[in-house]
Amino acid sequence: MHKGVISVLSGALIALSGCSMPSEVSSDVTLLRLAHNMNEGHPVHKSLAHFAERVREISGGELVFQLYPNGQLGSEREVIELVQTGAVDVTKVSATALESFSNVYSLFSVPYLFADPDHYYRVMDSDVATDIYQQTADNGFFGLTYYDAGIRNVYTIDTPVRTPADMRGLKFRVQPSQTALEMIRLMGGAPTPMAYGEVYTALQQGVIDGTENNETALTSSNHGEVAKEYSYTAHAIVPDLLIFSQHRWESFTPQQQQWLREAAVESTEFHKELWAQEIEKAVTQAEEMGVHFHRDVDVDAFREAVAPMHERVLENPTLAPLYERIQALETES
């Protein structure tokens with residue numbers, strides 16, 4: 001682990017211990033740390049808080065989570081590394097952030113992998129997702145559940161995007177992922193890897209011309225103050241994943257593991273309803289901020305542009321079987 005990561009954890013935990021940890025904790029109580037990079041108003045944080053609350057209730061107070069939002073313990077990559085070592089027990093990260101730990105997670109970032117939201121939910125609630133989650137068990141962590149992170153679309157400071165040609169010459173922030181970099185290149189833009197927390201300032205200063213995300217980014221992160229053109233390219237549905245330290249998990253009894261699984265599933269269902277409400281609210285608020293929403297996008301042109309990514313997945317002996325299982329669920333009722 002990098003020295004910087006260790007210092008981030010040490011400093012954060014020392015600073016937070018006085019206000020986050022109970023002054024007196026029974027020896028019968030197991031405290032766990034859950035870190036993520038969203039603010040307290042974000043629907044994902046609310047769902048994680050629901051997860052923590054349900055774990056406390058189901059376990060009768062035996063398992064208690066302390067939440068560290070706002071990237072207090074480091075970036076997504078840094079916290080994933082901390083989960084690997086067991087210094088942090090659980091974190092919520094975008095599936096894209098896991099690509100550098102296991103290439104299997106790059107599947108979720110393949111544009112137009114899912115035909116529609118129904119297809120997405122069938123896959124995420126199936127054993128295909130469970131099989132993917134277990135790919136990193138030997139690497140120190142595994143996926144426990146997922147949270148809807150919406151349909152990702154392109155938005156810019158002042159240029160509506162209706163075709164790939166509209167993206168030419170524009171710089172777009174992407175997550176630090178080879179899949180995301182290739183996607184934006186094929187879609188016509190110039191990709192710029194950047195941490196999420198830097199996006200607002202980069203848009204404000206013109207370092208980038210746009211980015212891609214769901215509608216809540218316009219309001220929860222105030223991107224709508226500086227980016228006024230939101231175009232429904234609908235290019236990806238990338239889940240957020242709740243990953244758990246494998247070492248920590250193995251220290252629990254089967255009963256405790258069952259409590260955690262039960263609470264995780266409940267929090268995912270809780271999040272589905274909350275997310276739908278938040279998207280509707282975000283669009284209304286963003287319109288009040290002066291954001292223009294464009295639905296007249298040539299989605300087929302974007303699908304065609306990124307087709308080489310699907311072809312390469314089918315050439316990969318590890319990814320192809322999973323990809324085919326995902327596609328087979330498209331038409332299941």
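Keep in mind that the numbers below use all heavy atoms, side chains included, and drop hydrogens, waters and symmetry copies.
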(message) Take a 6.0 Å sphere around CZ of Arg56 and say whether it holds more than 12 heavy atoms from other residues, nucleotides or ligands.
(response) no
(request) Any chance you could lay out the salt bridge (charged side-chain N to carboxylate O under 4.0 Å, His left out) test for Lys281 and Glu278, step after step, and finish with the verdict? (result) CA-CA 5 Å; Lys281 185 167 67 175; Glu278 290 292 330; 3.5 Å; yes
(request) Measure the shortest side-chain to side-chain distance between Leu82 and Thr91 over non-hydrogen atoms and say whether it is less than 4.5 angstrom. (result) no
(request) Assign the ring pair His50 / Phe270 to parallel, tilted or perpendicular, where the plane angle (0 to 90°) is split at 30° and 60°. (result) parallel
(message) Any non-hydrogen side-chain atom of Tyr146 less than 4.5 Å from a side-chain atom of Tyr133?
(response) yes
(message) In the structure I gave you, are the side-chain heavy atoms of Arg325 and Asp127 within less than 4.5 Å of one another anywhere?
(response) yes
(request) Compute whether any side-chain donor of one residue and acceptor of the other, for Glu273 and Gln277, lie under 3.5 angstrom apart. (result) no
(request) Please state whether the rings of Phe293 and Tyr230 are parallel, tilted or perpendicular, taking 30° and 60° as the class boundaries. (result) tilted
(message) If I take atom CG from residue Leu274 and atom OG from residue Ser47, how far apart are they, to the nearest 0.5 angstrom?
(response) 5.0 Å
(message) Taking the six-membered ring of Phe51 as reference, does the cationic atom of Lys92 (NZ for Lys, CZ for Arg) lie under 6.0 Å from its centre and within 45° of its axis?
(response) no
(message) Would the distance check show the side chain of Thr201 and the main-chain N or O of Glu198 forming a donor-acceptor pair, the cut-off being under 3.5 Å?
(response) no
(request) Write down the atom of Leu241, the atom of Ala95, and the distance for their closest heavy-atom approach. (result) CD1-CB, 4.0 Å
(message) Would you compute the distance between atom CD of Gln135 and atom CZ of Phe141 and round it to the nearest 0.5 angstrom?
(response) 11.0 Å
(request) Compare every heavy atom of Gly224 with every heavy atom of Met289, then report the nearest pair and how far apart it is. (result) CE-C, 3.5 Å
(message) Test your reading of the model: is there a side-chain donor-acceptor pair from Thr284 to the backbone of Glu280, 3.5 Å cut-off?
(response) yes
(message) On a heavy-atom basis, which atom in Ile157 and which in Ile208 lie closest, and how many Å separate them?
(response) CD1-O, 3.5 Å
(message) Keeping Asn70 on the side-chain end and Gln72 on the backbone end, is there a donor-acceptor pair under 3.5 Å?
(response) no
(message) To the nearest 0.5 Å, what is the distance between CG on Asp298 and OG1 on Thr163?
(response) 7.0 Å
(message) Quick check: do Val291 and Glu215 have side-chain heavy atoms less than 4.5 Å from each other?
(response) no
(request) State the CE-OG distance between Met167 and Ser231, to the nearest 0.5 angstrom. (result) 9.5 Å
(message) Assess the residue pair Met187 and Val306 against the criterion (side-chain contact (heavy atoms from CB on, under 4.5 Å)); give the C-alpha distance rounded to whole Å, side-chain angles, the decisive distance to 0.1 Å, and a yes or no.
(response) CA-CA 7 Å; Met187 288 171 67; Val306 300; 3.8 Å; yes
(request) Say whether Leu98 and Leu73 are linked into one hydrophobic cluster, either directly or through other cluster members, by side-chain heavy-atom distances under 4.5 angstrom. (result) yes
(message) Closer than 3.5 angstrom, by distance alone: can the side chain of Glu269 be matched with the main-chain N or O of Glu266 as a donor-acceptor pair?
(response) no
(message) Same cluster or not: Met309 versus Leu113, using hydrophobic residues (I, L, V, M, F, W, Y) connected whenever any side-chain heavy atoms lie under 4.5 Å apart?
(response) no
(request) Could you tell me whether Glu287 atom CD has more than 12 heavy atoms of other residues or ligands within 6.0 Å of it? (result) yes
(request) If the plane angle is over 60° it's perpendicular, under 30° parallel, otherwise tilted; pick one for Tyr112 and His235. (result) perpendicular
(request) Take Tyr196 and Ser75 through the side-chain contact (heavy atoms from CB on, under 4.5 Å) test and state the conclusion after the steps. (result) CA-CA 9 Å; Tyr196 183 75; Ser75 67; over 6 Å; no
(request) Measure the acute angle between the ring planes of Phe252 and Trp249, then classify it against the limits of 30° and 60° as parallel, tilted or perpendicular. (result) perpendicular
(message) Could you check whether any side-chain N or O of Glu76 sits under 3.5 Å from a backbone N or O of Asn37, counting only pairs where one atom can act as donor and the other as acceptor?
(response) no
(message) In this structure, would Leu32 and Val44 fall into the same cluster of hydrophobic residues linked by side-chain contacts under 4.5 Å?
(response) yes
(request) May I ask you to decide if Tyr105's main-chain N or O and Ser102's side chain share a donor-acceptor pair within less than 3.5 Å? (result) no
(message) Looking at every non-hydrogen atom in both residues, tell me the closest pair between Gly74 and Val79 and how far apart they are.
(response) O-CG2, 3.7 Å
(message) side-chain contact (heavy atoms from CB on, under 4.5 Å) for His294 and Val161? Distances and angles first, verdict last.
(response) CA-CA 8 Å; His294 305 281; Val161 171; over 6 Å; no
(request) Would you mind reporting whether Thr159 and Glu229 have side-chain heavy atoms less than 4.5 Å apart? (result) no
(message) Keeping Ser221 on the side-chain end and His223 on the backbone end, is there a donor-acceptor pair under 3.5 Å?
(response) no
(message) Does the plane of the ring in Phe114 sit parallel, tilted or perpendicular to the ring in His119? Use 30° and 60° as the thresholds.
(response) perpendicular
(message) On a heavy-atom basis, which atom in Leu314 and which in Glu324 lie closest, and how many Å separate them?
(response) CD2-OE2, 4.0 Å
(message) Using the rule side-chain contact (heavy atoms from CB on, under 4.5 Å), only one of Met38, His42, His36 pairs with Pro69; which is it?
(response) His36
(request) Kindly give the heavy-atom pair with the smallest separation between Ala115 and Arg303, and that separation in Å. (result) O-NH2, 4.2 Å
(message) Between Phe244 and Trp259, is there shared hydrophobic-cluster membership here, with clusters defined by ILVMFWY side-chain heavy atoms closer than 4.5 Å?
(response) yes
(message) Do Leu144 and Ile243 make a side-chain contact, defined as non-hydrogen atoms from C-beta onward lying under 4.5 Å apart?
(response) no
(message) Using side-chain heavy atoms (C-beta onward) and a distance below 4.5 Å, is Thr96 in contact with Val174?
(response) no
(request) Look up atom CZ in Phe142 and atom OG1 in Thr130, then write down how far apart they are to the nearest 0.5 Å. (result) 11.0 Å
(request) Return yes if some donor-acceptor pair links the side-chain N/O of Thr216 with the main-chain N/O of Ile279 below 3.5 Å, else return no. (result) no
(message) Check this for me: Gln178, atom CD, are more than 12 non-hydrogen atoms of other residues, nucleotides or ligands nearer than 6.0 Å?
(response) no
(request) Please round to the nearest 0.5 Å and tell me the distance separating atom CD of Gln84 and atom CD of Gln246. (result) 11.5 Å
(message) With a 4.5 Å cut-off on side-chain heavy atoms, are Phe65 and Leu260 touching?
(response) yes
(message) If hydrophobic clusters are built from ILVMFWY residues whose side chains come within less than 4.5 Å, do Ile80 and Phe108 share one?
(response) yes
(request) Examine distances only and state if a side-chain atom of Arg152 and a backbone atom of Glu212 form a donor-acceptor pair shorter than 3.5 Å. (result) yes
(request) Kindly check if the number of other-residue, nucleotide or ligand heavy atoms within 6.0 Å of CG (Asp296) is above 12? (result) yes
(request) Using a strict cut-off of less than 4.0 Å between a Lys/Arg side-chain nitrogen and an Asp/Glu carboxylate oxygen, indicate whether Glu57 and Arg54 qualify as a salt bridge. (result) yes
(message) Going by the rule side-chain hydrogen bond (donor to acceptor under 3.5 Å, both in side chains), which residues pair with Glu99 if we only count those two or more places apart in sequence or in a different chain?
(response) Ser109, Ser177, Thr179
(request) Verify the neighbour count for atom CZ of Arg168: are there more than 12 heavy atoms of other residues, nucleotides or ligands below 6.0 Å? (result) no
(request) Evaluate the criterion side-chain contact (heavy atoms from CB on, under 4.5 Å) for residue pair Phe101 and Glu81; output intermediate values, then yes/no. (result) CA-CA 9 Å; Phe101 296 86; Glu81 291 175 348; 4.1 Å; yes
(request) Output yes when a side-chain donor or acceptor of Asp89 lies under 3.5 Å from a complementary backbone atom of Arg33, and no otherwise. (result) yes
